[in-house]
Amino acid sequence: MKKIIATLMIVVMTMLLMAGCGSNDEEEATTGATTETGTDTESGAENSEQALEGNLVSAEAKTFSIFLNFNNMPFDSEWAVWQEIAKRTNVNLEGVISKTNANEEEAFNLMLSSGDLADVIGYMNAAELEKLGRDGGLIPLNDLIEEHAPNIKALLDSDPKFRQGATSLDGNIYYIPKNQTLLSAEFYWIRQDWLDKLGLEVPTTVDELYTVLTAFRNEDPNGNGQKDEIPLFDRAGHKMPDEYLYLFDSSTEFYARDGVIEFEPLEENFVYGVKELAKWYKEGLIDPEIFTRGAKTRDTLYSANQGGFTHDWPSTGNYNSSLAEEISGFNNVAIAPVKNQNGEIVERTTRYPAPGWGISAQAEDPVTLIKFFDFFFTEEGSDLINWGIEGETYIVNDAGEKEYTDVVLENTEQTPLGYLRSQGIQYRIGMNQDPDYEYAFMTEEAKAAAELYNGHPEWYRDQVPPYFDGQLDLKYTEDDEAEYKRIMSQIRPYVDEMFQKWMLGASNIEDDYETFVQELKDRNIDRAIEINQKAMDTFLGK
Ligand code: CA
């Protein structure tokens, strides 16, 4: 009886959807019907699991609906690798998002308001997924993992970052994250050819860096007779203006030392760092347009042979080959983070598990689904989602290493990663990213950078909370989050404004600092720290 009502509801919902919305509804309606079929086929197959061969998670073929729209690419069951996955597991997924609906957020809200949830749900925003879980839309997976997902369980037990990413504020696991296994994110890059030309060594301290940048400024390393070099620049200056405070172990953000949250503008390193950056800026060591030049900065300044030093992702290594003909001897290398004024080497950017996928409360066979989720943490499943199909998107070479084929590497329209994702490989599901996958299409320079940084885990501090684009990215209860956002809407713009004033020399931090601190207190920074400490304690599992 229940089932009939559920089916009727789906039909009604589908009709409502068709009646209520514009041009995208045909796919929605079709996939609504698929959900129905999916739930029908699974009846009665519960007890045959012991006889299953290979990685089959079900004795007979089952179909489930899925909501997933990674980078606005709706899940497509026609993707070759997902057909292969279906063949090997007996689980077939049907996407519920119209291929013409490119807006992930809109599609998500549409699904929620329809009341008709897909069996499997993945979303870009971890907080939204967890909220859906706490509201009863996703089921807690803790017991299912314990009983049916030995590979996920093993990773939860062995990788604290993965466990922290997966665990919601209430202690439940509502989604399996996409785990990022490489530590490294951004690297410090310097023009080795400029160092060579000026007879300089690679800087190892922040003071040596100052000396090198000064030489870049004054001694014409690009050799055109003009003082046109821009020693320090960054293409993210418009969104992470405080990135070079990292050199002085500070930022305009919250940070945690030994699990204790602080707001860095209230700390000693901040005052020191701001004074230094103001000096550097005044002396022409920093891009005069660092706050405004925008996302093309790196392209512009390397192509013009003007950029000397930056902090950026592996792709910064690509210019050695792409500019080889234009700029003779162009040689960009990643160097270790320089020792800060306190003598420490610290890399602040690192990776955190991203949201993956969960099981909706309307899914009728969560046991099969959790087994299916577990498949991606087996060697076979991991290879498929990381590399695709052997012989098509990758091969295994004589040394036993995997290599992507030219279909991936020589694709003329997309980057290797872009191509993989467009085929549903490296898609945003609960999985463990194979660290080798990224090495496999790095340039030599990028590979050297990644090996250097990943070879020094001690440069990465323990117990550091997650960040997104330089901003703290912890999980909050709804009330805390509302209060925190309210407070920070009064604090962030003020801090950014003052930081820019000081760095650009429009004002002096020593004159303003007392007032600045008082202002932060008046705007309730202490309460914001308190909220973050609570969130941090939860993050650490306290
Ligand atoms: Ca010059």
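Small disclaimer: the values here were computed from a predicted structure and weren't measured. Count residues from 1 along the sequence.
By the neighbour-count criterion of 12 heavy atoms within 6.0 Å, atom CD of Glu268 is sparsely surrounded, having that number or fewer from other residues, nucleotides or ligands. Annotation for Glu105: atom CD does not count as buried by contact number, only 12 or fewer foreign heavy atoms lying within 6.0 Å. Lys534 NZ: 12 or fewer foreign heavy atoms inside a 6.0 Å radius. Residue-environment remark: CG (Asp135) exceeds the threshold of 12 foreign heavy atoms within 6.0 Å. At most 12 non-hydrogen atoms from other residues, nucleotides or ligands lie less than 6.0 angstrom from CD of Glu379. No more than 12 heavy atoms of other residues, nucleotides or ligands shown are found within 6.0 angstrom of CD on Glu478. Surrounding NZ of Lys161 are more than 12 heavy atoms belonging to other residues, nucleotides or ligands, all under 6.0 Å away.
A centroid separation of 6.0 Å or more is found between the aromatic rings of Phe248 and Tyr244. Two rings, from Trp357 and Phe376, have their centers less than 6.0 Å apart.
Listed by chain and residue number, Tyr302 satisfy the ring pair (Phe, Tyr, Trp, His ring centres under 6.0 Å) test with Tyr319 (two or more places apart in sequence, or in another chain). Looking at residues two or more places apart in sequence or on another chain, you find a side-chain hydrogen bond (donor to acceptor under 3.5 Å, both in side chains) between Glu483 and Arg527. Glu403 pairs by the salt bridge (Lys or Arg N to Asp or Glu O under 4.0 Å) definition with nothing, not counting sequence neighbours. Partners of Glu84 by salt bridge (Lys or Arg N to Asp or Glu O under 4.0 Å), not counting sequence neighbours, listed by chain and number: Lys87, Arg88. Applying the ring pair (Phe, Tyr, Trp, His ring centres under 6.0 Å) test to Tyr404 and every residue at least two apart in sequence or in another chain returns Trp387, Phe441. Shown here are the side-chain hydrogen bond (donor to acceptor under 3.5 Å, both in side chains) partners of Tyr188, two or more places apart in sequence or in another chain: there are none. Among residues two or more places apart in sequence or in another chain, the salt bridge (Lys or Arg N to Asp or Glu O under 4.0 Å) test is passed with Lys475 by Glu130. Legend: residues meeting salt bridge (Lys or Arg N to Asp or Glu O under 4.0 Å) with Asp462, ordered by chain and number and at least two apart, are absent. For the side-chain hydrogen bond (donor to acceptor under 3.5 Å, both in side chains) test, residues two or more places apart in sequence or in another chain that qualify with Asp157 are Lys153. For the ring pair (Phe, Tyr, Trp, His ring centres under 6.0 Å) test, no residue two or more places apart in sequence or in another chain qualifies with Tyr467. Shown here are the ring pair (Phe, Tyr, Trp, His ring centres under 6.0 Å) partners of His238, two or more places apart in sequence or in another chain: there are none. Evaluation of the side-chain hydrogen bond (donor to acceptor under 3.5 Å, both in side chains) rule for Gln423 yields no partner, not counting sequence neighbours.
Applying side chain to side chain contact (heavy atoms under 4.5 Å, CB included) to Pro353 and the options Asp159, Ile176, Asn179 leaves one that passes, Asn179.
A salt bridge links Arg461 with Glu344: the closest approach of a Lys/Arg side-chain nitrogen to an acidic carboxylate oxygen falls below 4.0 angstrom. We find that Arg348 and Glu253 are not joined by a salt bridge, their nearest charged nitrogen and carboxylate oxygen being 4.0 Å or further apart. Salt bridge Lys62/Asp119: absent, no basic N to carboxylate O contact under 4.0 Å. The residues Lys131 and Glu481 are annotated as not salt-bridged, no charged nitrogen and carboxylate oxygen being separated by less than 4.0 angstrom. The residues Arg134 and Asp170 are annotated as not salt-bridged, no charged nitrogen and carboxylate oxygen being separated by less than 4.0 angstrom. With respect to Asp234 and Arg293, no salt bridge is recorded, no charged nitrogen being found less than 4.0 Å from a carboxylate O.
In this structure, Val396 and Glu390 have side chains that are in contact, with non-hydrogen atoms separated by less than 4.5 Å. Between Leu117 and Met111 there is a side-chain heavy-atom pair separated by less than 4.5 Å. Two residues are said to be in side-chain contact when any heavy atoms from C-beta on lie closer than 4.5 Å; Glu186 and Tyr246 fail this criterion. Here the side chains of Asp434 and Thr181 are not in contact, with every heavy-atom distance at 4.5 Å or above. When side chains are defined from C-beta on, Gln341 does not count as touching Glu276, because their heavy atoms never get closer than 4.5 Å. In this structure the side chain of Tyr174 reaches within 4.5 angstrom of the side chain of Pro140, judged on heavy atoms. In this structure the side chain of Pro466 reaches within 4.5 angstrom of the side chain of Leu474, judged on heavy atoms.
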Going through the checks in order, is the side-chain contact (heavy atoms from CB on, under 4.5 Å) test met by Leu156 and Ile173? CA-CA 11 Å; Leu156 286 168; Ile173 293 174; 3.8 Å; yes
Does Glu347 form a side-chain contact (heavy atoms from CB on, under 4.5 Å) with His456? I'd like the steps, not just the answer. CA-CA 10 Å; Glu347 175 50 54; His456 287 278; over 6 Å; no
Before giving the answer on side-chain contact (heavy atoms from CB on, under 4.5 Å), spell out for Thr350 and Val464 the whole-Å C-alpha distance, their side-chain angles and the decisive distance to 0.1 Å. CA-CA 10 Å; Thr350 186; Val464 172; 5.9 Å; no
Tell me, with the steps shown, if Asn172 and Ser168 meet side-chain hydrogen bond (donor to acceptor under 3.5 Å, both in side chains). CA-CA 5 Å; Asn172 283 329; Ser168 174; over 6 Å; no
Would you check, one step at a time, whether the test side-chain contact (heavy atoms from CB on, under 4.5 Å) holds for Ile531 with Tyr476? CA-CA 8 Å; Ile531 292 171; Tyr476 308 96; 3.7 Å; yes
Test log, rule side-chain hydrogen bond (donor to acceptor under 3.5 Å, both in side chains), inputs Asn142 and Glu146: CA-CA 6 Å; Asn142 309 49; Glu146 193 68 32; over 6 Å; no
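In this structure, Arg523 satisfies the cation-pi test against Tyr494, with its NZ or CZ atom closer than 6.0 Å to the six-membered ring centre and inside 45 degrees of the ring normal.
One finds the CE atom of Met442 at 8.5 Å from the CD atom of Glu451 (value rounded to the nearest 0.5 Å). Here Leu247 contributes atom CG and Asn269 contributes atom CG; the two are 12.0 Å apart, rounded to the nearest 0.5 Å. Here CH2 of Trp79 is found 4.0 Å from OH of Tyr427. Values are rounded to the nearest 0.5 Å. How far CH2 of Trp313 is from CZ of Arg235: 9.5 Å, rounded to the nearest 0.5 Å.
Heavy atoms only, all atoms of each residue included: Ile261 and Ala256 are closest at CD1-CB, 4.2 Å. Shortest non-hydrogen contact noted between Ile66 and Leu68 is CD1-CD1, 3.7 Å.
Side-chain atoms of Asn332 and Gln192 form no donor-acceptor pair, as typed in the model, at a separation below 3.5 Å. In this model, a donor atom of one side chain and an acceptor atom of the other lie less than 3.5 Å apart for Asp374 and Asn151. In this model, a donor atom of one side chain and an acceptor atom of the other lie less than 3.5 Å apart for Glu264 and Ser251.
In this structure, Tyr175 contributes its side chain and Gly133 its backbone to no donor-acceptor pair below 3.5 Å.
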